[in-house]
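Below, all heavy atoms of this structure are taken into account, side chains as well, without hydrogens, waters or symmetry copies. Heads up: numbering here begins at 1 and tracks the sequence.
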Amino acid sequence: RPGSEELVRIASDELHYLDYEEALAFYEHFRQWTTDPRDIAFLAANDRFYLLTILLNRRDALHPWIYDRCREVEGSPDGHLDLWARWHFKSSLITVPGSIQEIIRDPEITVCIFSHSRDIARAFLRQIKMELETNAKLHQAFPDVFWSDPRKQALKGAEDDGIVVKRKTNPKEATIEAWGLVDGQPTSKHYRRM
């Protein structure tokens, strides 16, 4: 829950209808308006572009086309094959921040990243792992989800085992795992997101 009810109204009624320049102006206003971690967490959970560019510090994603793709993915996230050209932020927009956003919305979720080979899938897992281990903004906004010292506190954290965040349940699957389609698909695993 955010600290500000006004933020709930803006997020539900206005935010996803803003154009790129209006959104950047809102983020600047928001930065001056509040430093409440609950508000920052709420906005990150409900605005992928904010999560990507502000909390994950991907300044290279500050572009109107990428902003529009964020809104497109948020508006209809499932049941699509995104055939954007190489270097058009598919992984940087969908795989990495999308997985992190799913986790901050529901720490009990289990996610599997599949790729042709496990090495490729592990590269994405490694990028997510680095964010979850070293991103102080994520730790401040989501202390109930992310470990303050994951190398010591997390039960799993290796690329072969997956990443586990703070959660109340104990499924056999890690919070997020990486597997290849041609070299060792998982057996007897049940993921809520793939």
Exercise. For the atom pair CD1 (Ile103) and CZ (Phe142), what is the distance rounded to the nearest 0.5 Å?
Worked result: 11.0 Å
Exercise. Should Leu181 and Met194 be regarded as members of a common hydrophobic cluster, given that ILVMFWY residues are connected when their side-chain heavy atoms come within less than 4.5 Å of each other, either directly or indirectly?
Worked result: yes
Exercise. Can any side-chain N or O of Trp147 pair as donor or acceptor with the backbone N or O of Val164 at less than 3.5 Å?
Worked result: yes
Exercise. Under a 4.0 Å N-O cut-off, is there an ion pair linking Glu133 with Lys129?
Worked result: yes
For this session: For the pair Thr53 (side chain) and Arg58 (backbone), establish whether a donor and an acceptor sit closer than 3.5 Å, ignoring hydrogens and angles.
Result: no
Seminar exercise, completed: Nearest heavy-atom approach of Leu55 to Lys137 is O-CD, 3.8 Å
Exercise. Does Arg31 make a cation-pi contact with Trp33 (under 6.0 Å, within 45 degrees of the axis)?
Worked result: no
Exercise. Distance only, no hydrogens: is a donor on one side chain within 3.5 Å (strictly under) of an acceptor on the other, for Glu177 and Tyr191?
Worked result: yes
For this session: Would you check if Gln140 and Pro37 make a side-chain contact, meaning some heavy-atom pair closer than 4.5 Å?
Result: no
Exercise. Should Ile10 and Phe30 count as side-chain neighbours, where that means a heavy-atom distance under 4.5 Å?
Worked result: no
For this session: Check whether any side-chain heavy atom of Leu56 lies under 4.5 Å from a side-chain heavy atom of Leu138, and answer yes or no.
Result: yes
For this session: Taking all non-hydrogen atoms of both residues into account, name the closest pair between Leu125 and Ile113 and its distance.
Result: N-CD1, 4.4 Å
For this session: Could you grab the distance from atom CG of Leu132 to atom NE2 of His139, nearest 0.5 Å is fine?
Result: 7.0 Å
Exercise. What distance do Arg69 atom CZ and Ile94 atom CD1 have between them, rounded to the nearest 0.5 Å?
Worked result: 10.5 Å
Exercise. Got a donor-acceptor contact below 3.5 angstrom from the Glu173 side chain to the Thr110 backbone?
Worked result: no
Seminar exercise, completed: What one should report as the nearest heavy-atom pair of Ala61 and Leu52 is CB-CD2, 3.6 Å
Exercise. Should Asp68 and Tyr20 be marked as a side chain to side chain contact (heavy atoms under 4.5 Å, CB included) after you check the CA-CA gap, both sets of side-chain angles, and the distance that decides it?
Worked result: CA-CA 8 Å; Asp68 289 343; Tyr20 175 72; 5.5 Å; no
For this session: Locate the shortest heavy-atom distance separating His16 from Glu74; write the atom from each residue and the value.
Result: CD2-OE1, 3.1 Å
Exercise. Are Ile54 and Phe26 grouped together when hydrophobic residues (ILVMFWY) are joined by side-chain heavy atoms under 4.5 angstrom apart?
Worked result: yes
Problem set entry | Distance-only side-chain donor-acceptor flag, Thr34 / Asp39, under 3.5 Å | yes
Exercise. Would you call Ile128 and Ile100 a side-chain contact if the rule is heavy atoms closer than 4.5 Å?
Worked result: yes
Exercise. Which pair of non-hydrogen atoms, one from Ile40 and one from Ala141, has the smallest distance, and what is that distance?
Worked result: CG2-CB, 4.1 Å
Problem set entry | Ion pair check, Arg192 and Glu108, cut-off under 4.0 Å | no
For this session: Using the rule that two of Ile, Leu, Val, Met, Phe, Trp, Tyr join whenever any of their side-chain heavy atoms come within less than 4.5 Å, decide whether Val111 and Phe114 are in one cluster.
Result: no
Problem set entry | Exam field: side chain Ser115 to backbone Arg118, donor-acceptor pair closer than 3.5 Å | no
For this session: Provide the closest heavy-atom pair for Lys189 versus Lys172 in the form atom of the first, atom of the second, distance.
Result: NZ-O, 4.2 Å
Problem set entry | Approximate separation, where rounding is to 0.5 Å, of Cys112 SG and Trp179 CH2 | 8.0 Å
Exercise. Sub-3.5 Å donor-acceptor pair from the side chain of Ser4 to the main-chain atoms of Glu6, do we have one?
Worked result: yes
For this session: Kindly determine whether Gln101 and Arg105 satisfy side chain to side chain contact (heavy atoms under 4.5 Å, CB included), including the steps that lead there.
Result: CA-CA 6 Å; Gln101 194 173 52; Arg105 288 177 177 172; 3.6 Å; yes
For this session: List in chain and number order the residues that pass side-chain hydrogen bond (donor to acceptor under 3.5 Å, both in side chains) with Asn135, two or more places apart in sequence or in another chain; answer none if no residue qualifies.
Result: Glu131
For this session: To the nearest 0.5 angstrom, please state how far the OG1 atom of Thr169 sits from the CD1 atom of Ile109.
Result: 11.5 Å
For this session: For His116, look at atom NE2 and say whether over 12 heavy atoms of other residues, nucleotides or ligands are found less than 6.0 Å away.
Result: no
Exercise. Can you tell me how far the OG atom of Ser99 sits from the CD1 atom of Ile104, to the nearest 0.5 Å?
Worked result: 11.5 Å
For this session: Could you walk me through whether Leu15 and Tyr50 pass side chain to side chain contact (heavy atoms under 4.5 Å, CB included), step by step?
Result: CA-CA 11 Å; Leu15 185 59; Tyr50 176 81; over 6 Å; no
For this session: Using only heavy-atom distances, determine whether the side chains of Tyr27 and Asp47 contain a donor-acceptor pair under 3.5 Å.
Result: yes
Problem set entry | Residue pair Lys166 / Asp144, side-chain heavy-atom distance below 4.5 Å | no
